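All remarks here apply to the structure that follows.
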Number of protein chains: 2
Amino acid sequence: MSVYDVKNEVTDKYSLRGRVFNKVREDILSGKYKENEELKEIAIGEELGVSRTPVREAFRQLELEGLIKIIPNKGAYVTGITVEDVKDIYMIRSRLEGLCASWACEHITPEQLEEMEENIYLAKFHAERGHFEQMSELDSRFHELMYEACDSKMLEHLLRDFHQYVQRVRRKTLSTIERSLASNAEHQAIMEAIKSNDPKRADELATLHIHNAYDNMVKNGLKEAYSNE
Amino acid sequence: MSVYDVKNEVTDKYSLRGRVFNKVREDILSGKYKENEELKEIAIGEELGVSRTPVREAFRQLELEGLIKIIPNKGAYVTGITVEDVKDIYMIRSRLEGLCASWACEHITPEQLEEMEENIYLAKFHAERGHFEQMSELDSRFHELMYEACDSKMLEHLLRDFHQYVQRVRRKTLSTIERSLASNAEHQAIMEAIKSNDPKRADELATLHIHNAYDNMVKNGLKEAYSNE
DNA sequence: GATTGTTGCATTGTATACAATAATACCAAA
DNA sequence: TTTGGTATTATTGTATACAATGCAACAATC
C-alpha cells in the first residue's frame, strides 16, 4: 500500500482489475503463492477469465503494496519478508499502535467499546481451550477495532496494512496457550485504559503489547519459521 | 505509495510507465495540477507522447500513493490534503522520526555524520539571511540523511513518503527567520545526540522537533494556507 | 572442452480497437 | 417554463495485436 491509501477502501470490487487485485493479494497472504514464485500475466488472467490488461494494472498496485516485485521485461515475483523487515515493522507498529490507542480514548464509540469487551470475553474462552484459529481471528479483530476507533483514516490505513503484512508470518508464532492468555490480558488492560479515557496509559500499554508480541515471536523462533520452509 | 514500497526505488526510469508516473507525481507535488483537477488519460498521454496504457498503469500507482483518486468509469482527480491529514501525518512522523533518530545512533556512517554537520553549518548561514529556498532544500536533505542513517529500508521509505507528501503544504509555512534558526538549532541538537550515540536523547529531540514544526505551522496559519487559494 | 554467437521461444511493454459507462445537450410534452 | 426522456459525445474499461526484451538451447569457433 502505498502509504496513504485513504481512498479506494473498497478497491472497486466490481471492476475486473479490482477483482484480480483482491484475489492475487489474498492468495499471496494466504500462502498459495510462495515466496519468489513468478506470477505470469497470462496464467493469472486465464485463471480468472480476464485479459492481461486488468492483470497488469493489478500487478502495478500489488507492487506498490509491497507484495510483489516487478522486474522490468522479466516478470513479477512474490516478495519475501526478511527477519529485518519483521523486526522493523514491529518496532514501527509499537509506536503507532500507542498513538492509535491514545487517540482512541477520545474517539471511540460506545458500540466499538462494547464490541471490544465482547471480543476480550470470547477470546478468554478460546484461549483457555487452545483454539488458535479463533484466537488469531479475534486478535485481528481487536486491533482492527482500535484502528477504527482512533478516527484517523491515515493511521487506520497504515496500521491495517502493516498488520496484514506481518500476518503472513504471525500465524506460525502465536500459538501457545500462555501467550494467548497473556495477549488477551494485555488487550483487556488497553481496553480499560481507553474506557477510562486515559490516553497516556493506553499509549504505554499498547506500545508494550506490540513489544511483547515481538519478543514472544523471537522466543518462539522467528528464524526457524523461515528455515523450516 | 503504498506502505512498504521497499522495492522499485528507481521506479524504472526508463519504462514509459515509470516516466509517466514520475512526471505526473512531480506535477502534482509541485502544484502544476491543482486539487480536484481531473486528469485525462488521453491528454496526459499526448503530452508525453505515449498511449493510454502506460498512463493508466501509472494512474493506478498514483492512486495507491494517495495522490489521485480514481472514480470508476468517471475519471482521475488530484486529491486534496485536509487539515486533519496534515495533523495526522505530523503526529505519526513525530513518533517515527524519533525511532529513526535512535536507530541512526547505531548505524550512521562517518560520511553521513560529516554531511550532517556541513548541512547544519551551511543552513545557519542561509537562515540568518532569510534564504528560504535554500533552507527548504537543506531541511529536506537533513531529514533525508537521517532516514538513510537509520539503516532500515522500511522506515526510510515510509518517512520519505510522508515527508514528500506534506511538502506540498510545508513550503508555505516554514518561512520566518526565527523558525529557520530554531529549526536548525534543533537539527544540531539531534545530530549531537546521534554523534554521542545517545539513542534515547536523539529519540526525544527528533520527536520534539517535529512537534515544534507542527506547532509553528499551526501558528503561522495552516488553515489560511488553504483558504488563500 | 570452454567460450562465444545465434536462433527461437516465452514473456512483458506498448499501442490501438472496441465495449461500457457517464455526462451533456436537446427536444417534446405537460 | 419545467420536466422527462432520448440521443450524442466524451471518457474510461477491457481485449487483443504487435514490438521489444530476456532467456535458454544449441551451434560454431578457438
Side-chain angles (χ1 to χ4, degrees), chain A residues 5 7-25 27-28 32-79, chain B residues 2 5 7-25 27-28 33-79:
Chain A
D5 173 17
K7 53 216 134 314
N8 63 337
E9 291 295 330
V10 280
T11 311
D12 34 327
K13 226 174 164 176
Y14 301 109
S15 75
L16 296 189
R17 170 183 58 85
R19 291 214 327 256
V20 174
F21 178 82
N22 287 321
K23 180 66 164 57
V24 176
R25 176 196 184 103
D27 286 345
I28 292 176
K32 176 177 167 189
Y33 298 132
K34 301 272 186 300
E35 236 178 84
N36 296 319
E37 184 166 344
E38 182 169 0
L39 301 182
K40 290 178 195 132
E41 297 173 355
I42 298 178
I44 304 252
E46 281 179 355
E47 192 178 334
L48 300 179
V50 301
S51 79
R52 283 177 54 216
T53 307
V55 175
R56 281 180 63 82
E57 293 184 357
F59 276 20
R60 293 301 173 272
Q61 297 191 296
L62 289 165
E63 183 185 30
L64 234 57
E65 287 260 320
L67 291 174
I68 66 177
K69 176 174 178 63
I70 295 177
I71 300 176
N73 290 311
K74 192 151 181 290
Y77 302 86
V78 177
T79 57
Chain B
S2 190
D5 173 18
K7 57 219 132 309
N8 61 338
E9 290 295 330
V10 281
T11 310
D12 34 329
K13 227 175 162 174
Y14 302 109
S15 74
L16 296 190
R17 171 183 58 85
R19 291 215 326 259
V20 174
F21 179 82
N22 287 321
K23 180 66 164 57
V24 176
R25 176 197 184 101
D27 286 345
I28 291 176
Y33 299 132
K34 303 272 186 300
E35 235 180 84
N36 297 320
E37 185 167 341
E38 182 170 0
L39 302 181
K40 294 187 191 120
E41 295 172 357
I42 299 177
I44 304 251
E46 282 179 354
E47 192 178 337
L48 300 179
V50 301
S51 80
R52 284 175 54 213
T53 307
V55 175
R56 282 180 62 82
E57 293 185 357
F59 275 20
R60 294 299 174 274
Q61 296 191 298
L62 288 166
E63 183 185 30
L64 234 56
E65 287 260 321
L67 291 174
I68 66 176
K69 175 176 181 62
I70 295 177
I71 301 176
N73 289 311
K74 192 150 181 292
Y77 302 86
V78 177
T79 58

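Letters go in sequence order (proteins before strands), and every chain restarts at 1. What you are looking at is a predicted structure, and each value in this text was computed from that prediction instead of being measured.
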Nucleotide [N], atom [atom2] - distance to [atom1] of [X] in whole Å:
| X | N | atom1 | atom2 | value |
| --- | --- | --- | --- | --- |
| A/L16 | C/dT21 | CG | P | 11 Å |
| B/K40 | D/dT11 | NZ | C1' | 9 Å |
| A/R56 | C/dA15 | CZ | C1' | 12 Å |
| B/E38 | D/dT12 | CD | P | 6 Å |
| A/R52 | C/dG13 | CZ | P | 8 Å |
| B/F21 | C/dG13 | CZ | P | 16 Å |
| B/E57 | C/dG13 | CD | P | 7 Å |
| B/R17 | C/dT14 | CZ | C1' | 12 Å |

Who passes side chain to side chain donor-acceptor pair (under 3.5 Å) against B/E37, sequence neighbours left out? none
Using heavy-atom distances to pick each residue's nearest nucleotide on DNA chain D, tell me which of A/V50 and B/L39 is more 5'. B/L39
If you pin B/F59 and A/N73 to their nearest nucleotides in DNA chain D, which one's is more 5'? B/F59
Can you tell me which nucleotide in D/dT16, D/dC23, C/dT12 comes closest to the side chain of A/K74? D/dC23
Distance-minimising heavy-atom pair for [X] and [Y]:
| X | Y | result |
| --- | --- | --- |
| A/R19 | A/L48 | NH2-O, 4.4 Å |
| B/T79 | B/E35 | O-CG, 3.8 Å |
| A/Y77 | A/N36 | CD2-O, 3.6 Å |

Can you say whether a donor on the side chain of B/S15 sits under 3.5 Å from an acceptor on the base of C/dT14, or the other way round? no
At less than 4.0 Å, is any side-chain N or O atom of B/R60 found next to OP1 or OP2 of D/dG13? Yes or no. yes
May I ask you to verify if any side-chain N or O of B/S51 is less than 4.0 angstrom from the OP1 or OP2 atom of C/dA15? yes
Look at all strands and tell whether B/I71 reaches a base, only sugar-phosphate, or nothing, counting heavy atoms closer than 4.0 Å. nothing
Only one of B/L62, B/L16, B/V55 passes side chain to side chain contact (heavy atoms under 4.5 Å, CB included) with B/F21; say which it is. B/L62
